[in-house]
Engineer: 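I'd like to ask you about the structure that follows.
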Amino acid sequence: MTQAYRTMAPADLILAWYDKHHRDLPWRVSPPMAAAGVKPDPYRIWLSEVMLQQTTVQAVKSYFALFTARWPTVADLAKADNEDVMKSWAGLGYYARARNLKKCAEAVAFEHGGVFPDTEDGLKALPGIGDYTAAAIAAIAFNRKSAVLDGNVERVISRLHAIETPLPAAKPEMRALVAAMTPEDRPGDFAQAMMDLGATICTPRRPACALCPLNADCRVLGRDDPELFPRKAAKKEKPVRLGAAFVAEDEDGAVFLRKRIESGLLGGMTEVPGSAWTARIDGDTATTAAPFPADWHPTGTVTHVFTHFELRLTVYRSRVPRGTAKDGGWWQPKATLDGEALPTVMKKAIKQAIPDAFDKTRNA
DNA sequence: AATTCGGGGGT
DNA sequence: ACCCCAGAATT
């Protein structure tokens, strides 16, 4: 015997850790549940994975509960009204996900007999399912040995192997390392374990290396600062854009809304009328960009940070007579504003002009 | 390979 | 203030 002891394979160490420390999540079939014979529902796995794209578990939970209660199966979602789906998604962000979610449900329900493809390639051919999500569904829902690489796993792998290549160039190398590490047995649990590890132990700041099941194998621990991994390309600064928003309220307390075009930023969502969002703004915007002539007066500014720019909206308000022209939009009663497909920035603008607009007790 | 897509929570 | 988050689609 040339070694004093044999170390367990990293995959076995991670699975053993996962059996003890896994988190209970609404879409997860935990090891005890699996032992009791519970099988994952591909619909719920898919729905959760799409919602979790660039979105935290905490933010997803309430939306996942809402969607699964309202649309329990992929067939239900396929038959749903597009606008109802957008309204239910409002606030979660990245609205192309909601549009693709609906398209994907229709494809599965109407072209695949209501059954999700059970291979990575088959899944990836569906709208809104890319490299990560296809691998994750294949592994978690269908027990396929696919290499699941998300932001958590990138961090774990980059530290474990001290990868110096910056992201995103390092992705192929990382995926190969994950593939080599993924076990034949329990690949779905392995994927979830790696993500849990990145979310709770191998964190971006102050990782709990002392508690990590892989600390004996980590190439960074003890040699460099784990917080410096993964290496990443420098990011560019966010420009500021300016704009005006117009909140009109009629004598019945209804607010004038309109629908944005289907593509691009906040595509297909509801908005209050406004100017274009540009680097500079001229002085007579209030008179040129308003939806109709009225006694517009400024109420203040709201700031909203998008992924690639910061928006500062000057919010104008007016009180107009009942029956004011509604070209290009509609009048929405304040009591039902909360059910509209309003993205967060639009809710901010309305609240700036009408502070109690979303107060259910006042508007009921 | 770069850019465009939201929003919120942690530090 | 800055970081990141179970990324995908488009250019």
Side-chain angles (χ1 to χ4, degrees), chain A residues 23 25-28 44-64 86 89-101 103-104 123-141 146-156 166-172 175 178 188 190-200 202-207 227-230 232-239 241 260-269 302-311 341-348:
Chain A
R23 298 177 290 169
L25 301 173
W27 45 85
R28 171 173 289 174
R44 292 167 63 88
I45 301 301
W46 162 71
L47 179 62
S48 69
E49 290 301 343
V50 173
M51 287 184 166
L52 286 161
Q53 290 165 4
Q54 290 293 286
T55 309
T56 56
V57 165
Q58 181 59 30
V60 163
K61 281 182 177 172
S62 65
Y63 285 86
F64 181 81
M86 300 311 289
W89 197 276
L92 196 55
Y94 284 150
Y95 298 99
R97 291 186 298 171
R99 299 193 297 271
N100 286 328
L101 187 81
K103 289 181 193 167
C104 183
L123 289 161
K124 199 176 166 183
L126 292 167
I129 299 183
D131 289 337
Y132 161 76
T133 305
I137 297 174
I140 298 169
S146 51
V148 177
L149 184 68
D150 77 326
N152 290 304
V153 180
E154 285 170 359
R155 189 166 51 254
V156 173
L167 286 170
K171 275 188 150 189
R175 186 170 289 105
V178 173
F190 174 77
Q192 296 181 84
M194 288 285 279
M195 293 190 280
D196 271 20
L197 192 64
T200 65
C202 196
T203 51
R205 305 297 166 218
R206 299 174 56 86
E227 292 190 2
L228 300 180
F229 292 81
K232 292 195 174 183
K235 52 186 59 175
K236 30 185 286 189
E237 59 177 304
K238 285 186 184 184
R241 294 189 199 174
R260 295 175 64 87
I261 61 173
E262 291 295 328
S263 62
L265 186 70
L266 308 179
M269 300 299 284
V302 295
T303 297
H304 190 77
V305 181
F306 290 98
T307 306
H308 53 293
F309 66 93
E310 175 183 324
L311 177 65
L342 289 165
T344 298
V345 63
M346 293 301 159
K347 287 193 171 185
K348 281 186 188 176

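Lettering follows sequence order; numbering is per chain, from 1. This structure is a prediction, so every number in the text was calculated from the model and none was measured. Because only heavy atoms are used, hydrogens play no part in the values below, and waters and symmetry mates are left out as well, while side chains stay in.
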Engineer: Just to be sure I understand the rule, does A:R99 reach a base, reach only the sugar-phosphate, or reach nothing, if contact means heavy atoms closer than 4.0 Å?
Structural biologist: nothing
Engineer: Check A:R155 with A:D150, please: is the shortest side-chain N to carboxylate O separation under 4.0 Å?
Structural biologist: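 No.
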Engineer: Assign A:K348 to base, sugar-phosphate, or nothing according to its heavy-atom contacts below 4.0 angstrom with the strands shown.
Structural biologist: nothing
Engineer: So A:T203, base contact, sugar-phosphate only, or nothing? Heavy-atom distance under 4.0 Å.
Structural biologist: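 No contact.
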Engineer: Specify the residues of residues 49-62 of chain A, ordered by number, for which at least one heavy atom lies under 4.0 angstrom from an atom of DNA chain B.
Structural biologist: A:Q54, A:T55
Engineer: Mind checking if A:G198 touches a base, just sugar-phosphate, or nothing, with heavy atoms under 4.0 Å?
Structural biologist: nothing
Engineer: B:dG7, OP1 or OP2 - any side-chain N/O from A:Y95 closer than 4.0 Å?
Structural biologist: yes
Engineer: A:K124 side chain to A:I129 main-chain N or O, any donor-acceptor pair under 3.5 Å?
Structural biologist: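 Not a single qualifying donor-acceptor pair exists.
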Engineer: Looking at the base of C:dG7, is there any donor atom on it, or on the side chain of A:Y132, that sits under 3.5 Å from an acceptor on the other one?
Structural biologist: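 Side chain to base: no pair present.
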Engineer: Do any side-chain atoms of residues 56-64 of chain A form donor-acceptor pairs under 3.5 angstrom with protein atoms, and if so which ones, sequence neighbours left out?
Structural biologist:
unit_1, atom_1, unit_2, atom_2, d
A:T56, OG1, A:A59, N, 3.4
A:Y63, OH, A:A90, O, 2.9
A:Y63, OH, A:L92, N, 3.4

Engineer: Got a donor-acceptor contact below 3.5 angstrom from the A:Q53 side chain to the A:G128 backbone?
Structural biologist: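 Looks like yes, one N/O pair under 3.5 Å.
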Engineer: With a non-hydrogen cut-off below 4.0 angstrom, is A:L92 in contact with a base, only sugar-phosphate, or nothing?
Structural biologist: base
Engineer: Could one point to a donor on the side chain of A:T307 or the base of B:dG6 with an acceptor on the other under 3.5 Å away?
Structural biologist: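 Counting by modelled atom types and ignoring angles, a donor-acceptor contact under 3.5 Å is found here.
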Engineer: How far does the C1' atom of C:dA6 sit from the matching atom of B:dT3, given to the nearest Å?
Structural biologist: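 So the two C1' atoms sit 22 Å from each other.
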Engineer: Return the stems involving DNA chain B, sorted by first number, where pairs are Watson-Crick (N1-N3 with N6-O4 or O6-N4) or G-U wobble (N1-O2 and O6-N3), both under 3.5 Å, and runs are 3 or more long.
Structural biologist: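 So the stems come out as B:1-5 with C:7-11, B:7-11 with C:1-5.
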Engineer: Contact class for A:L25 vs. all strands (heavy atom < 4.0 Å): base, sugar-phosphate, or nothing?
Structural biologist: base
Engineer: Using a 4.0 Å heavy-atom cut-off, does A:P168 contact any base of the nucleic acid, only the sugar-phosphate backbone, or nothing at all?
Structural biologist: nothing
